[in-house]
Peer 1: 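Starting off with a structure, shown below.
The sequence lines fix the lettering, A, B, ..., with proteins before strands; numbering per chain opens at 1. Values below: all heavy atoms of this structure, side chains included; hydrogens, waters and symmetry mates excluded. Bear in mind the structure is a predicted one, so any value in this text is a computation, not a measurement.
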2 protein chains.
Amino acid sequence: MRNREETFKKILETAYIMFADKGFDKTSLSMIASEVGISKPAIYYYFKSKDELIEYLFDEICKEIELGNTFDYSDMTKTNLKHKLLAIGYQSIDEQKSDVHFNKIFNQYMLLASRDEKYMTRLLDIQAGYLKSYHDLFSYAVEIGAISDTNIETKAHMLAMVIDNIGNFMLTGSKLDYKGIWKEAIESVLREQPL
Amino acid sequence: MRNREETFKKILETAYIMFADKGFDKTSLSMIASEVGISKPAIYYYFKSKDELIEYLFDEICKEIELGNTFDYSDMTKTNLKHKLLAIGYQSIDEQKSDVHFNKIFNQYMLLASRDEKYMTRLLDIQAGYLKSYHDLFSYAVEIGAISDTNIETKAHMLAMVIDNIGNFMLTGSKLDYKGIWKEAIESVLREQPL
DNA sequence: GTCTATATTTTGATAGAC
DNA sequence: GTCTATCAAAATATAGAC
């Protein structure tokens, strides 16, 4: 016997994992119910349709991303910029390892978005915020004189592309030197153009 | 009235587009048949199941990728290396624009792969070949003395990450300066470390 | 809140005529 | 080769009892 809140949470957690592992379409409400330990109609007490469950999960994931979408660079200095950037990527890589489900389910929402504007607008927002967080960091680095201000937006986008795709590659199980790749990306970007 | 070969081809083309647009699960054989202009059972004359159709399409796509997975750098010189690299990325970006379906369907196979080893092994092969093609190009550049040989594998992987993810970002419809990002990636990588 | 029972729809797939 | 007719399975969703 569980109360409303506990069951609700359990459904969300179970759906998150099963949707990630098997995909939205290959995960039926019966399967989720069975895994949660309730009957299928019980799910309809909490969500009025499967699509609503999928959408609710999407909202939760979006909120969590938006929370972690900014960097703390209050203690950034001319000398520790490179260290800061390295740490950002390394942390992202480590997080990837600890939550294997996130990227799988997120990629499914990306596909959903290409067919449903409701998802698309939200994802574009997140993407823009994601790119902006790198740009803001570089702007600050320029402000404190840590780097020159040439092409900082493009550089920021380039780094975002690298770390984002590292996540995709990790999903496939390829054993590459991801931290090395990130380090190379940072060092490349920070190398100043010789005149 | 069509002959066997024509109908077969039409089914494949139609399935490719519909699977990309709506997804494997949301595209039924009835819908494909209707679009092709035949009845659903007619499809079973050519493919013994929906899964087989999906798999056949996968094989075709893989073959095509493998064909375009190598670069021609026979005419590479010390002075045109940067131009060569730029051209490779620009071409990839332009191709992306002309075939909007490719990345959509390919991402679905990536998800399939995470649940089916048959797809995974093939995709890992392709991925490895993809990364290797960049590595080989850099090795050749070292050979002809166009660049130093420090970290060339990592650099190659970094570039591959960038151009590959540009494709993903383009899929979302984000209007970024993709060619600028690629140019920045190339210039960053080619900048030699000051001693 | 959760259940059993059931309605409804759709899908993948087959049988068999032409 | 393609069709009509049909099957069996599975899914979403609802009704109504407890």
Peer 1: Rounded off to whole Å, could you give me the CD-to-C1' distance for the B/Glu6 and D/dG1 pair?
Peer 2: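 Rounded to whole Å, this separation is 13 Å.
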Peer 1: Are the aromatic ring centres of B/Tyr45 and B/Phe8 under 6.0 angstrom apart?
Peer 2: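 No, the ring of B/Tyr45 stays outside the 6.0 Å limit from the ring of B/Phe8, centre to centre.
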Peer 1: Do B/Tyr130 and B/Tyr134 have their ring centres less than 6.0 Å from each other?
Peer 2: yes
Peer 1: Could you check B/Arg4 against A/Met31 and say which one's nearest nucleotide on DNA chain D is further toward the 5' end?
Peer 2: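 Of the two residues, B/Arg4 wins.
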Peer 1: Picking from D/dA13, C/dT4, D/dT2, which would you name as closest to the side chain of A/Ser39?
Peer 2: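 Among D/dA13, C/dT4, D/dT2, the one nearest the side chain of A/Ser39 is C/dT4.
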Peer 1: In whole angstroms, how far is the P atom of D/dA11 from the CD1 atom of A/Ile32?
Peer 2: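 Rounded to whole Å, this separation is 11 Å.
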Peer 1: Rounded off to whole Å, could you give me the OH-to-C1' distance for the B/Tyr44 and C/dT11 pair?
Peer 2: 8 Å
Peer 1: Using the side-chain heavy atoms of A/Ala42, tell me which of these nucleotides is nearest: D/dC3, C/dC3, C/dA13.
Peer 2: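 Closest nucleotide among those given: C/dC3.
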Peer 1: May I ask you to verify if any side-chain N or O of B/Tyr46 is less than 4.0 angstrom from the OP1 or OP2 atom of D/dT2?
Peer 2: yes
Peer 1: Can the ring centres of B/Tyr90 and B/Tyr178 be said to be less than 6.0 Å apart?
Peer 2: no
Peer 1: Side chain of B/Pro41: nearest nucleotide among C/dA13, D/dT14, D/dA5?
Peer 2: D/dA5
Peer 1: Atom CD1 of A/Ile38 to atom P of C/dC3: distance rounded to whole Å?
Peer 2: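 That distance rounds to 6 Å.
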